[in-house]
Amino acid sequence: MLTLTDRAAATIRSLTAQPGIPEDTGLRMSLQDSDPGTLTLSLEGPQPDDAVVEDGGARVFIQRDAASIVDDRELDAQLDEEGRASFMLGSQPAG
């Protein structure tokens, strides 16, 4: 199952707490139709078949077809000086 770093959880909370964002919004990971194996990240609510990961008050929705790509991975994030988020998918730490 996908895990989130503290930075990723904080970044997702920051993005979904902005004014005008619906309460059920999270970070959704789905496969990009035009480029097989490439993930698309978006801020939206869950779809019926999505897996849901909740960690540190942040929600990530994972499209069923993308679940095998992110299984046993760790999502990290950082914000640049202008507040733009970058997400990185890495291996989970051993432990």
Side-chain angles (χ1 to χ4, degrees):
M1 178 67 73
L2 177 74
T3 60
L4 307 178
T5 65
D6 291 342
R7 281 192 314 192
T11 300
I12 294 167
R13 284 193 312 270
S14 174
L15 292 172
T16 58
Q18 295 179 35
I21 300 288
E23 190 174 309
D24 69 341
T25 300
L27 181 72
R28 185 162 190 266
M29 304 175 95
S30 57
L31 287 178
Q32 187 172 329
D33 293 333
S34 61
D35 190 2
T38 300
L39 289 172
T40 298
L41 304 178
S42 56
L43 289 178
E44 60 182 277
Q47 299 299 310
D49 289 340
D50 286 355
V52 179
V53 174
E54 293 192 57
D55 190 356
R59 288 188 306 251
V60 178
F61 310 121
I62 305 166
Q63 178 190 37
R64 180 192 302 241
D65 294 344
S68 63
I69 294 174
V70 301
D71 193 34
D72 296 329
R73 305 295 294 270
E74 180 178 67
L75 185 66
D76 194 10
Q78 63 185 34
L79 290 172
D80 68 13
E81 303 81 35
E82 297 175 15
R84 290 182 299 225
S86 298
F87 290 93
M88 293 76 58
L89 198 58
S91 299
Q92 287 183 359

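What's counted below: heavy atoms across the whole structure, side chains too, no hydrogens, waters or symmetry copies.
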TODO: Go through the steps to decide whether L75 and F87 satisfy the test side chain to side chain contact (heavy atoms under 4.5 Å, CB included), and finish with yes or no.
DONE: CA-CA 7 Å; L75 185 66; F87 290 93; 4.0 Å; yes

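Inter-residue side-chain proximity for R28 and D50 is flagged as met; some heavy-atom pair is nearer than 4.5 Å. For the pair V60 and V52, the minimum side-chain heavy-atom distance is 4.5 Å or more. Counting heavy atoms from C-beta on, the side chains of L89 and L2 come closer than 4.5 Å. Considering only heavy atoms from C-beta on, L39 stays 4.5 Å or farther from S30 through its side chain.
Scanning all heavy atoms of the two residues, the minimum distance from F61 to G26 falls at CE1-N, 3.3 Å. Taking every heavy atom of both residues into account, G56 and A9 meet most closely at O-CB, 4.4 Å. Of all the heavy atoms in Q78 and T11, the pair that sits closest is N-OG1, 4.4 Å. Nearest heavy-atom pair across A58 and L4 is CB-CD1, 4.2 Å.
For the atom pair CG (D72) and OG (S91), the distance works out to 9.5 Å, reported to the nearest 0.5 Å. Between the CD atom in E23 and the OG1 atom in T16 there is a gap of 10.0 Å [rounded to 0.5 Å]. Here M29 contributes atom CE and I62 contributes atom CD1; the two are 6.5 Å apart, rounded to the nearest 0.5 Å.
Among residues two or more places apart in sequence or in another chain, the side chain to side chain contact (heavy atoms under 4.5 Å, CB included) test is passed with D76 by T5, R7, M88.
Listed by chain and number, the hydrophobic cluster partners of I21 come to none, as no ILVMFWY side chain reaches under 4.5 Å of it.
At distances below 3.5 Å, at least one donor-acceptor pair connects side-chain atoms of Q92 with backbone N or O atoms of R73.
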Run the side-chain donor-acceptor check on residues 63-71: report pairs under 3.5 Å with partners two or more places apart or on a different chain.
| unit_1 | atom_1 | unit_2 | atom_2 | d |
| --- | --- | --- | --- | --- |
| Q63 | OE1 | L31 | N | 2.6 |
| R64 | NH2 | D49 | OD1 | 3.4 |
| D71 | OD1 | M1 | N | 2.8 |

